Amino acid sequence: MVIYDSHQKEKIDFKPLKDKKVKIYVCGPTVYDDAHLGHARSSISFDLLRRVLETLGYDVTFVKNFTDIDDKIINKINATGKSLEEITTHYINSYLNDMEALNVKRADIEPKATESLEAMFEIIQKLLDKGYAYKLPNGDIYFDVSKDEEYCNLSNKCPEDEGVHRVEVEGKKNPQDFALWKACKGENDVCFDSPFGRGRPGWHIECSAMIKKHIAYSDTKYQIDIHGGGADLFFPHHENEEAQTYCAYNQHLAKYWMHNGFVTINGEKMSKSLGNSFFVKDALKHYPGEVLRFYLMSTHYRAPLNFSEEDLIASKKRLDKLYRLKKRIYGITKKQQDKEFEEKLLEAMRDDLNISKALAVVDEFVRVANENLDKNPKDKSLKQKIISNIEFIDKLLGVGGSDAYKYFQAGIDEDTKKKINEMIEKRNEAKKEKNYELADKIRDELQQLGIKIQDTPNGTVWEKV
RNA sequence: GGCGCCAUAGCCAAGUGGCUAAGGCAGGGGCCUGCAAAGCCCUGAUCCCCGGUUCGAAUCCGGGUGGCGCCUCCA
């Protein structure tokens with residue numbers, strides 16, 4: 001496996017810290033709102049990584065956190081009058097539902113920040129003891145970047161002079177210093193007890209703590225193998241995580257850093273502050289999760305993906321072809337492994353998740369399979385290989401696993417299905433009597449209902465347009 | 001202002017020094033079909049511009065132009 005490391009800025013051979021074990025931590029969402037397509041893409045990107053590693057035989061431990069305490073959540077509490085728990089539980093469930101629809105595997109561990117406070121206290125205490133952190137008179141605790149010689153080596157993105165904006169707080173030693181602990185700010189704040197007084201954690205400390213608590217090695221140069229997240233998290237979030245962990249434990253945080261590119265709309269980053277968010281749950285009203293997944297993963301994970309419905313439709317047509325092939329071999333249950341195909345697909349994906357190459361391999365497989373089925377419609381061995389290959393595609397890429405008929409008939413209720421079948425029956429009778437005028441009329445009627453039919457050797461089948 | 005990323009056919013998108021620049025969508029032609037649909041076959045770009053390195057560059061270097069991101073919460 002070769003992956004692109006954001007820190008070294010090049011593709012490098014992946015070698016786990018220990019044996020065949022791989023520990024991955026991905027920054028999950030802050031749960032104050034529904035997931036948008038950007039969350040979906042990030043999730044799918046790292047889901048692909050996980051699937052490839054697992055298929056390669058690695059023993060993967062995958063952790064994705066929920067940030068369930070932060071300013072936006074507090075704002076929501078104050079705006080709605082609901083409790084923290086109510087709000088975060090609601091959005092966590094919503095997120096998990098969306099990701100399930102996108103066929104993203106659940107993480108092995110899904111820690112919440114509010115349940116990892118002890119681990120944060122430990123890090124903060126160590127940083128205070130070692131002189132890497134200082135407490136202000138108001139109770140806030142800051143990380144002192146000037147004490148960390150390695151600060152900024154990870155992302156290399158620290159501004160030398162004044163940045164455009166920065167959180168200004170009275171008493172901070174350096175503008176770049178960031179909060180480890182924020183003292184309670186009054187009635188409308190959400191606060192927890194701590195050895196440093198009541199307050200709440202800074203954002204960056206949460207991830208360092210959850211990593212330490214759940215998966216970190218303590219006897220290696222790095223705590224985990226891979227740390228992932230959106231490209232916007234590289235600086236300052238990941239830089240700060242690394243600084244805290246390194247200064248507290250004298251271990252680097254992760255051996256490999258991976259960052260996914262953004263989903264953009266009209267070329268601009270999709271984000272809540274820009275007001276151009278596109279929620280997953282809304283997209284799911286119009287397109288099946290699998291179609292959405294296929295579209296979002298069809299651009300390499302590091303490149304930006306400019307969302308367009310036109311491209312999504314084009315992408316769906318590509319997936320349709322896989323399912324039409326699957327329909328052609330419907331009913332076959334025996335499998336015959338096709339090692340050559342699996343190796344080809346895997347080879348593409350193990351090159352830093354080269355999805356374009358992988359999908360080209362899938363396209364070629366579909367084309368050749370159709371060609372061979374045209375020539376030898378009864379070739380059992382061929383059909384068994386096709387079944388096996390589609391299963392492998394599902395395992396590795398997370399698409400193609402649905403029932404082929406249901407895929408094309410999604411969103412059509414039973415009554416309508418019955419009606420469609422009756423019309424097709426009538427048309428077939430008309431065809432038998434060579435009453436093509438009537439047959440064509442029925443076909444037109446179906447077309448008007450949004451139903452496209454195909455006469456095949458196995459009878460007439462239909463699809464929702 | 002600091003630090004980065006990107007620019008390949010109508011659209012999406014691989015390729016990072018060398019056979020005829022992958023693949024998909026759309027378009028055109030054909031086979032198949034009662035006609036369709038589906039499927040299959042054929043069909044398209046010299047790679048943003050200028051200069052350089054090299055026997056040889058879309059691929060490396062320099063300079064432009066254009067787009068985007070991070071530096072503030074953010075996947």
Side-chain angles (χ1 to χ4, degrees), chain A residues 6 9 11 26-30 32-33 35-46 64 67 70-72 75 152 155-168 175-176 203 228-237 239 259-264 267-274 277 295 298-300 302-306 308 310-321 324-325 327-328 348 351 354-364 366-375 431 434-437 439-440 443-444 447 452-456 460-463:
Chain A
S6 309
K9 291 195 193 346
K11 282 192 198 175
V26 177
C27 286
T30 300
Y32 69 98
D33 208 344
H36 61 219
L37 294 182
H39 294 105
R41 167 128 109 128
S42 180
S43 215
I44 292 165
S45 299
F46 291 104
K64 182 154 67 181
T67 297
D70 113 316
D71 287 354
K72 299 234 164 115
N75 291 342
C152 224
S155 68
N156 196 28
K157 281 188 170 194
C158 301
E160 290 297 318
D161 49 356
E162 312 83 66
V164 185
H165 305 283
R166 188 156 280 133
V167 183
E168 288 299 336
Q176 292 193 64
W203 174 39
D232 49 350
L233 300 181
F234 201 17
F235 185 87
H237 187 53
E239 185 72 53
H259 294 94
N260 66 273
F262 296 123
V263 176
T264 61
E268 279 194 318
K269 178 181 172 181
M270 175 185 291
S271 80
K272 281 160 197 168
S273 41
L274 289 174
S277 286
Y295 170 59
S298 63
T299 295
H300 185 82
R302 276 189 283 120
L305 184 152
N306 191 33
S308 120
E310 223 175 296
D311 294 343
L312 192 157
I313 289 166
S315 171
K316 178 186 180 297
K317 288 182 183 170
R318 198 176 188 180
L319 181 60
D320 286 351
K321 290 171 82 161
R324 287 206 191 95
L325 173 64
K327 225 159 48 167
R328 288 185 77 172
D351 177 15
N354 191 330
I355 192 73
S356 295
K357 224 186 247 176
L359 293 182
V361 170
V362 172
D363 289 332
E364 195 205 0
V366 172
R367 197 199 79 230
V368 171
N370 274 319
E371 194 184 346
N372 288 333
L373 281 175
D374 285 346
K375 278 188 223 153
K431 270 177 66 184
K434 298 217 188 302
N435 185 351
Y436 294 123
E437 208 174 311
D440 290 353
R443 185 168 61 196
D444 286 345
Q447 185 78 34
K452 199 164 68 177
I453 61 169
Q454 298 151 22
D455 294 325
T456 76
T460 303
V461 297
W462 60 273
E463 296 178 2

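As the structure is a computational prediction, the values presented were derived from the model and not from experiment. Proteins come first, then strands; the chains are lettered A, B, ... in the order of their sequence lines, and each starts at number 1.
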Note to self: Using only atom types and a distance under 3.5 Å, with no angle test, would you say the side chain of A:N354 pairs donor to acceptor with the backbone of A:K357?
What the structure shows: yes
Note to self: The side chain of A:A360 is closest to which nucleotide in this list: B:A22, B:C70, B:A75?
What the structure shows: B:A22
Note to self: Donor-acceptor check, side chain of A:Q454 to backbone of A:V461, threshold 3.5 angstrom: yes or no?
What the structure shows: no
Checklist line | Between C1' of B:C3 and CD of A:E239, the distance in whole Å | finding: 12 Å
Next item on the list: Calculate the interatomic distance between A:R302 atom CZ and B:G4 atom C1'; express it in whole Å.
Entry: 13 Å
Margin query: Whole angstroms only, please: what is the CD-P distance between A:Q176 and B:U72?
Written below: 9 Å
Next item on the list: Measure distances between side-chain N and O atoms of A:K157 and base N and O atoms of B:C70, and say whether any donor-acceptor pair falls under 3.5 Å.
Entry: no
Check: How does protein reach along nucleotides 7-16 of chain B, written 5' to 3' as B (base within reach of a heavy atom under 4.0 Å), S (only sugar-phosphate), or - (no contact)?
Finding: ----SSSSS-
Notebook entry, point to check: In chain order, what residues pass the side chain to side chain contact (heavy atoms under 4.5 Å, CB included) check against A:K431, with sequence neighbours excluded?
Noted result: A:R427, A:N428, A:Y436, A:A439, A:D455
Notebook entry, point to check: What string of B, S and - do you get for nucleotides 34-48 of chain B, 5' to 3', when a contact is any protein heavy atom under 4.0 Å?
Noted result: BBBBSSSS-------
Check: Counting any heavy atom closer than 4.0 Å, what does A:D232 reach on the DNA or RNA strands: base, sugar-phosphate only, or nothing?
Finding: base
Notebook entry, point to check: Pick the nucleotide of RNA chain B nearest each of A:E268 and A:D70; which residue has the one closer to the 5' end?
Noted result: A:E268
Check: Distance-only, no hydrogens or angles: does the A:S42 side chain make a donor-acceptor pair with backbone N or O of A:G38 under 3.5 Å?
Finding: no
